[in-house]
Amino acid sequence: MRINEITKKSLKNADNNELYSLRLRSIQLWGKSFKDDDSQLKCHQYHNLGDLNKMEFLDRYKMLIEQMNKRGLTRSTHDIDVALFKKSMLRVDASTLDDVIIVKDYISISGSFVKTPNEANDIDLIIKESDNNRDEEIEKKLTKLIQGQVKKDCHFVYNKAGAQSDYIPLFDLILRSKDETKKVEVKESHKKIEATPKLKRIDKAKYKRTECMECSAPPTVEVLWAEGMAHAWFCEKHFKEWATKGDGKGEVNSVKAIQDGEANMKFSDNKSPNIEDEYDFLKIHKQTDKDIILMEYGKLKEKGLSENEIIEEIAKILLPIGFDIEYWKKKIREVLKMVGQIKKEEGNIDYKVGDSGKAILQLHIMGIDEEKIAALKKVSSEAVKSKSNPTKLKMLLKGAIGEQGCHVDIRFVRKGDDYFEGGEIMVGNLTGLTKLNELEREKKLRFGWKVPRKEAPTAETIRGPVDWMKVGDRKIDIFEPGVAGATTNKYGAMLILDRFNFEMILADKHAKKIKVSGGKIVPDGILLMSYVPVGEGERVWMVSWFEEKLKMRFLKIDKKEYIVGGIVYPANEVDTQDDQASGREIWKALKKYMIKKRTIKIMHKGKSRNIPIIEVYQAYEDTHKGGNDEDHLIRKGDWYMSIYLGDEKEIWDEVESGKLTGFSMGGSARKY
């Protein structure tokens with residue numbers, strides 16, 4: 001009898017030996033499955049327990065003990081008996097209770113970040129609460145969590161109705177069950193608190209209306225901020241600091257001068273006019289990054305400054321908003337390229353069809369603080385072992401140094417060259433490393449060619465020393481601030497993730513197709529880089545891999561009959577030319593071939609040969625040929641054909657040797 005089969009009737013019919021056996025198994029399973037159970041283990045199946053949770057398990061054990069007591073069977077006391085006693089006394093097991101959602105989408109991201117995360121100055125976090133329930137400790141914890149992923153300031157807005165525009169839900173407010181059931185004794189009851197007279201509003205406040213909220217100086221300005229929900233007052237010095245670097249950054253709604261050095265009880269009591277426009281540093285925060293960049297670019301261009309000088313000056317103007325000057329220089333260049341003010345640096349490689357060589361994938365981590373370097377060195381050897389597993393590598397590196405910005409370099413070295421060419425896969429940060437796994441499923445990732453630097457501003461093809469192909473090979477190589485591979489103030493690091501061979505098969509200006517093989521992360525097949533539109537007047541490079549399809553190889557080789565068969569063209573599947581065809585279109589091609597052509601070329605070259613066709617058909621449903629596994633599957637809509645090579649000894653030898661591996665449809669097609 002199993003534990004989950006225990007009933008009063010089944011126990012009554014069991015003999016004493018089976019009861020002892022059931023108790024022994026119950027004691028063992030309690031220790032393995034439920035003794036140290038936490039809230040995440042409840043209600044799961046363990047050791048043939050079916051769907052029993054801990055409470056149901058104890059109920060069946062209680063039936064067993066009652067039956068043993070009726071028969072006078074002796075037994076010792078174990079942990080499960082103690083737990084049963086507690087359950088009998090309290091009749092509840094907290095750890096088996098499910099979580100209960102109190103408020104769905106309790107905390108969400110809203111505002112400009114949802115639409116344009118790169119351009120947003122900060123992140124608006126909407127909390128479904130009254131402003132009276134503001135909790136600074138929760139805000140601090142949330143800020144730490146959010147800034148662990150996005151390096152932007154957090155602005156909290158309390159609204160019982162939640163977000164009023166597009167939003168990203170982050171947290172539900174839930175009741176979570178306790179991990180342990182226990183009785184908490186209160187030795188002394190709380191003393192009754194005597195009611196006290198209602199305090200004046202100003203007496204309850206932390207701040208005095210006669211002093212700046214940051215110092216003891218008399219306040220000179222009164223501010224309404226946070227979408228009109230908050231009131232503050234400062235001296236001139238601390239007002240600027242608060243409005244450019246503190247909580248008020250980008251949040252000021254109105255500014256009024258204070259009369260007689262005392263702030264008003266309510267902001268609306270101040271009858272002075274709004275003097276917000278008198279403060280230039282507030283104007284910056286009323287505009288988007290793009291607005292500021294374009295406005296200042298026009299002014300500085302008229303002064304005759306060079307492009308680099310203009311970018312430097314605009315970066316200094318934007319510095320009060322946050323980030324460092326290198327961030328703003330990069331941001332400014334992106335905006336100016338987008339609107340066509342400066343030449344877009346597309347970059348590229350100069351390889352031709354037929355060029356081949358060696359290539360690497362190389363992880364490049366950026367912006368590392370000095371205090372994290374020791375931890376990074378400590379996990380270096382383990383990272384080398386984990387480099388072919390992006391998920392494992394991500395967890396290892398994040399555990400050591402936390403979230404960091406990074407990208408993955410692709411570096412190519414053509415046979416005979418003493419330099420590399422290549423680009424970058426934009427994974428964003430260490431969490432984004434797992435995006436590399438998607439490439440095996442033919443997903444697309446953002447890509448960019450190496451672009452001109454100051455020392456080569458007019459170069460069309462960006463080349464680098466071939467020695468970079470060895471950086472990060474056997475350990476994580478670390479670069480100090482100020483050198484190549486790092487930034488001015490932060491460290492950088494590199495680790496080679498994969499090595500593979502390549503051959504160029506398409507070399508258009510805005511499309512590259514490269515046959516790759518021999519890698520671990522990079523699957524054998526076709527590497528595609530394409531320059532695609534993503535919006536009005538904007539294009540970006542994307543990269544994807546197309547793995548070689550096994551079913552394009554011969555599915556059947558009959559050595560006795562000299563017959564080979566395989567897929568001519570698969571239905572609804574992207575081929576190496578980034579094209580595909582429906583079953584209907586394949587049928588048209590098949591029919592035309594059988595009526596008008598019925599000839600075969602070898603490797604698409606030479607004269608057509610009248611090789612006998614044994615079978616040709618389009619599959620009406622999934623079927624197999626030559627075997628029953630995935631490698632021999634013919635899917636619905638696929639074009640299958642087999643031919644006789646008994647009179648073609650030379651071709652047959654190439655099939656047996658593996659030089660010829662399958663059919664390939666020749667011809668042309670119109671693409672819609």
Side-chain angles (χ1 to χ4, degrees), residues 1-107 128 169-190 391-392 395 434 437 621-622 628-630:
M1 187 189 311
R2 295 179 178 178
I3 303 296
N4 61 331
E5 295 173 344
I6 288 179
T7 63
K8 289 183 178 181
K9 184 176 180 181
S10 64
L11 291 172
K12 189 175 181 179
N13 295 328
D15 59 29
N16 291 349
N17 287 335
E18 187 166 10
L19 295 184
Y20 275 118
S21 177
L22 282 170
R23 183 167 188 268
L24 179 60
R25 270 185 283 155
S26 298
I27 293 169
Q28 292 171 335
L29 292 175
W30 175 260
K32 289 180 180 179
S33 301
F34 294 120
K35 179 182 176 183
D36 298 318
D37 186 24
D38 63 26
S39 60
Q40 295 181 3
L41 295 177
K42 62 194 175 201
C43 302
H44 287 184
Q45 296 182 4
Y46 295 97
H47 307 287
N48 295 322
L49 295 180
D51 294 325
L52 294 184
N53 60 32
K54 186 160 66 174
M55 180 173 281
E56 293 165 336
F57 181 86
L58 286 174
D59 283 339
R60 280 157 178 75
Y61 182 72
K62 182 183 178 183
M63 294 181 201
L64 172 62
I65 296 305
E66 288 174 346
Q67 183 61 227
M68 293 181 74
N69 289 340
K70 284 182 181 180
R71 301 187 188 187
L73 302 178
T74 58
R75 54 187 174 82
S76 56
T77 301
H78 289 270
D79 290 336
I80 189 173
D81 297 294
V82 176
L84 180 62
F85 173 77
K86 288 183 178 180
K87 181 179 182 299
S88 299
M89 294 293 292
L90 301 175
R91 289 306 303 164
V92 67
D93 186 351
S95 67
T96 64
L97 299 174
D98 289 329
D99 294 344
V100 178
I101 297 178
I102 302 299
V103 181
K104 188 171 178 59
D105 301 343
Y106 181 64
I107 298 174
K128 285 186 178 180
L170 294 182
F171 297 98
D172 295 332
L173 182 63
I174 65 171
L175 293 177
R176 175 164 292 160
S177 59
K178 300 291 289 185
D179 294 343
E180 181 185 0
T181 303
K182 62 181 180 180
K183 183 177 179 180
V184 179
E185 294 185 2
V186 180
K187 295 181 179 179
E188 295 182 9
S189 60
H190 295 290
T391 302
K392 187 175 180 181
M395 299 300 293
T434 51
N437 295 327
E621 58 185 18
D622 289 1
N628 295 319
D629 56 9
E630 182 74 13

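- Under the side-chain contact (heavy atoms from CB on, under 4.5 Å) criterion, D622 pairs with L633, R635, K636, sequence neighbours left out.
- The side-chain contact (heavy atoms from CB on, under 4.5 Å) test applied to K8 returns M63, not counting sequence neighbours.
- Note that CD1 of I6 and CG of L22 are 5.0 Å apart. Values are rounded to the nearest 0.5 Å.
- Scanning both residues, D172 and D105, for their nearest heavy atoms gives OD1-N, 2.7 Å.
- The side chain to side chain donor-acceptor pair (under 3.5 Å) search around N16 returns R71, not counting sequence neighbours.
- Counting heavy atoms of neighbouring residues, nucleotides and ligands inside a 6.0 Å radius, atom NZ of K392 does not exceed 12 of them.
- Shortest non-hydrogen contact noted between R23 and M68 is CD-SD, 3.8 Å.
- Remark: D15 engages no residue in a side chain to side chain donor-acceptor pair (under 3.5 Å) (not counting sequence neighbours).
- A distance of 11.0 Å separates CD1 in I107 from NZ in K128, rounded to the nearest 0.5 Å.
- Not one N or O on the side chain of K12 forms a donor-acceptor pair closer than 3.5 Å with the backbone of Q67.
- Note that the NZ atom of K70 and the CG atom of L19 stand 11.5 Å from one another [nearest 0.5 Å].
- When every heavy atom of S26 is checked against every heavy atom of L64, the shortest pair comes out as OG-CD2, 4.2 Å.
- Residues meeting the side-chain contact (heavy atoms from CB on, under 4.5 Å) test with E66, sequence neighbours left out: K62.
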